[in-house]
Number of protein chains: 2
Amino acid sequence: MANIKDIAKLAGVSVTTVSRVLNNHPYVSEEKKEAVRYAMEQSNYRPNINAVHLSKGKTNLIGVVIPFINHPYFGLLVEGIANEAVSNNYKLVLFQTNYEEERELEALLMLKNKQIDGLVIGSRICHWEVIKEYIDYGPIVVCEDAREQQVASTYINHYESFSIALEYLHRKAHNEIGYCIGRKSGSNSTQRDLAYRDFLAKNNIDYNPSFVFSNCFKFEDGVRVVDLLTTMKKTPSALLVTSDQVAAGILTCCRERNIQVPHQLAIMGFDNQPIAKIMNITTLEIPIVEIGRSLFRQALESETVTHNEIAVKLIERLTV
Amino acid sequence: MANIKDIAKLAGVSVTTVSRVLNNHPYVSEEKKEAVRYAMEQSNYRPNINAVHLSKGKTNLIGVVIPFINHPYFGLLVEGIANEAVSNNYKLVLFQTNYEEERELEALLMLKNKQIDGLVIGSRICHWEVIKEYIDYGPIVVCEDAREQQVASTYINHYESFSIALEYLHRKAHNEIGYCIGRKSGSNSTQRDLAYRDFLAKNNIDYNPSFVFSNCFKFEDGVRVVDLLTTMKKTPSALLVTSDQVAAGILTCCRERNIQVPHQLAIMGFDNQPIAKIMNITTLEIPIVEIGRSLFRQALESETVTHNEIAVKLIERLTV
DNA sequence: ATAATTGATGAAACCAGTTTCATATCAAGC
DNA sequence: GCTTGATATGAAACTGGTTTCATCAATTAT
């Protein structure tokens, strides 16, 4: 493989001039520029990117931390990030954490090691104190309300969107409302639980812990929820389900067991994924791809720390 | 940030000795080893990975080329690759191609530039002649039968598995069989079409081009298929659907439009994804995660070119 | 007693680029 | 005629590691 010295020799110029041509610097005469280009073509030259990275202290790689790749929500999020990465000539390094803290730390370490230029955390595990130790090494952006932190964020106001959904169900005469959530901890979940409890308090409804179903990520978790419902004496009349996938699982299961939706059980999804449209699930639309794009853009802005709140939209269909 | 020279000075040794400690080389006395370790701790030292990469000519990164991330099949495949990557201390660089050849070429170029150590192509777009130009730069592995090529592969025998499925449907008295496929081109699709045509020929059935539905990737594509079916005069009595997702879309749509499954239309999926289990879809099980793991392992074996055929298994449920 | 091997160490070359600095030419401004 | 600034170029320093090679002491083999 030819290196920059070979090209310089071939073109009869200095390495500096070759470097100038490579980086489109001004002050290179047209003849020498042409000579360099010709030499590069002749020897099928490719700059060694690792040397470029070492010199520039930059990698054109952005890390993406998500719990699972195989999930429509995170799939769409990565898609949005990837779209923007392509436009900016960046590549993505993927960290699938399975919600293991160690995996997230590996990503932070790569940032520290300057192996990636920035880090997008799709779903955070580490405490803020841990994250803070790394903010000096490069931009870290998160997909949750981080206005109080020194990291950029694009987020849904989950308190508000949960409140909107709950009010909607309430207007439809539902008082026994339960909800399905992914992780029980995590700031997004905390916001949602807060909205839930405030709603209950406002309407003088007692909090029933068995109405909260956690670990709901995938289609098949919906089946588990219906299984649980059938064992309960008192069941909710409506479920707020923080993933259309899970909502679809619940709906499919209900149909198979002849539970009438929405009469016996109202279901409200989240995201407005294609499956929600096809199965006519009432849902809250979240522009996940757009969130991904925004997150990537923020990961490139190393100087400013911005916060981008994304609005949601209620989509009325047939399951409420 | 401290560098290796600072550490050497601090520990009172040469950079060589520090490098030896970093790489666990023999021939370093216990005292010096300890002094170096202490100095590294004191100055919170981290080696600059780009310098390491430049020196060693290795990146510990493997590229993964897939058309979409947001798809259960490729999600699972990446999950398998990611699992094995974690165990081997490798990171993944993701290339979402949307089936654009240029994206795949970018990945090949990164291999050539030594920016990644190897490349897993989940679904190939480029011609073999193009791929061949890059095999000298690092291991390339594909997820299709490549026994005739100079690249490693882990693959399903799609001819055989399609034949198995077709024979099964035939035993169940189906003669009007159609199939749904993702891309029309691509070697996996070609194998399947060959099996389909051979089956028809064997049973003296005419080939009906309207019985082949292409561009079937997602849940919502199933709706399109049912829409098409309702406009057709002569419809198939059974459909072989190369993705459980699409099969689930078709089944859901059929239920909504009161098309009886399997009496009016038999549906046979592929993959055995969770959704197939929940919706009781008869399917051909494909161990996608295991395929992903195998692909990654092959991407590390730079010396040998191996071919790994994976067996499928028919799962009988209620849609045939 | 001498030669060969093993252990321990560091100087310097090397990986392949970028960037700083010094220098030279030429035209414009005063 | 002299200063200033834009254009053009290359030598050398720099990024931060790894690896080769030379050196020397302490064993071990002949």
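Just the heavy atoms: all of them, side chains too, but no hydrogens, waters or symmetry mates, feed the values below. Protein chains get the first letters and strands the later ones, always in sequence-line order, with residue 1 at the start of each.
- In this structure, B/Glu309 places its CD atom where more than 12 heavy-atom neighbours from other residues, nucleotides or ligands lie under 6.0 Å away.
- Note: CD1 (B/Ile49) to C1' (D/dT15) measures 15 Å, nearest angstrom.
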Using a cut-off of under 3.5 Å, enumerate the N/O to N/O pairs linking the protein to nucleotides 16-19 of chain C.
| from | atom 1 | to | atom 2 | distance (Å) |
| --- | --- | --- | --- | --- |
| C/dG17 | OP1 | A/Tyr45 | OH | 3.0 |
| C/dG17 | OP1 | A/Asn48 | N | 3.0 |
| C/dG17 | OP2 | A/Ile4 | N | 2.7 |
| C/dG17 | OP2 | A/Tyr45 | OH | 3.4 |
| C/dG17 | O5' | A/Tyr45 | OH | 2.9 |
| C/dG17 | N2 | A/Ser55 | OG | 2.9 |
| C/dG17 | N3 | A/Ser55 | OG | 2.9 |
| C/dT18 | OP1 | A/Asn23 | OD1 | 3.4 |
| C/dT18 | OP1 | A/Asn23 | ND2 | 2.9 |
| C/dT18 | OP2 | A/Ser19 | OG | 2.6 |
| C/dT18 | OP2 | A/Asn23 | ND2 | 3.4 |
| C/dT18 | O4' | A/Ser55 | OG | 3.1 |

Scan nucleotides 4-7 of chain D against the protein and return all N/O pairs shorter than 3.5 Å with their distances rounded to 0.1 Å.
| from | atom 1 | to | atom 2 | distance (Å) |
| --- | --- | --- | --- | --- |
| D/dT7 | OP2 | A/Tyr27 | OH | 2.8 |

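- Side chains of A/Val52 and A/Leu22 form no contact here, defined as non-hydrogen atoms less than 4.5 Å apart.
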Strictly under 3.5 Å: I want the nitrogen or oxygen pairs between protein and nucleotides 23-27 of chain D, one per line.
none

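- Close to D/dG10, at under 4.0 Å from its OP1 or OP2, lies a side-chain N or O of A/Thr17.
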In sequence, state the C-alpha distance, the side-chain angles, and the governing distance for A/Asn70 and B/Val289, and then conclude on side chain to side chain contact (heavy atoms under 4.5 Å, CB included).
CA-CA 11 Å; A/Asn70 175 37; B/Val289 176; over 6 Å; no
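- Between the side chains of A/Glu104 and A/Thr97, no donor-acceptor pair of N or O atoms lies under 3.5 Å.
- For residues 84-96 of chain A, every residue pair satisfying the salt bridge (Lys or Arg N to Asp or Glu O under 4.0 Å) rule, not counting sequence neighbours, is listed here: A/Glu84-A/Arg297, A/Lys91-B/Glu106.
- Surrounding CD of A/Glu301 are more than 12 heavy atoms belonging to other residues, nucleotides or ligands, all under 6.0 Å away.
- Listed by first and then second residue, the salt bridge (Lys or Arg N to Asp or Glu O under 4.0 Å) pairs that reach into residues 33-50 of chain A are A/Glu34-A/Arg37, sequence neighbours excluded.
- Within residues 31-42 of chain A, no residue places a heavy atom under 4.0 Å from DNA chain C.
- Listed for the B/Asp117 side chain is a donor-acceptor partner under 3.5 Å among the backbone atoms of B/Thr59.
- In the displayed structure, A/Gln150 atom CD is contacted under 6.0 Å by at most 12 heavy atoms of other residues, nucleotides or ligands.
- Taking A/Asp145 as the reference, A/Arg147 meet the salt bridge (charged side-chain N to carboxylate O under 4.0 Å, His left out) condition, with sequence neighbours excluded.
- One end of the helix from C/dA1-D/dT30 to C/dC30-D/dG1 points its axis 40° away from the other end's axis, with each axis taken from 5 pairs and the angle rounded to 10°.
- Counting only residues at least two apart or on different chains, the ring-ring contact (aromatic ring centres under 6.0 Å, His included) pairs with a member in residues 63-83 of chain A are A/Phe68-A/Tyr99, A/Phe68-A/Phe217, A/His71-A/Phe74.
- Residue pairs meeting the salt bridge (Lys or Arg N to Asp or Glu O under 4.0 Å) criterion with at least one member in residues 124-140 of chain B, sequence neighbours excluded, are B/Arg124-B/Glu144.
- Of the possible polar contacts, none joining the B/Ser19 side chain to the B/Val15 backbone as a donor-acceptor pair under 3.5 Å is found.
- In terms of the ring-ring contact (aromatic ring centres under 6.0 Å, His included) criterion, A/Phe95 has no residue partners (sequence neighbours excluded).
- Within the structure, salt bridge (Lys or Arg N to Asp or Glu O under 4.0 Å) pairs that include any residue of residues 53-64 of chain B do not occur (at least two apart or interchain).
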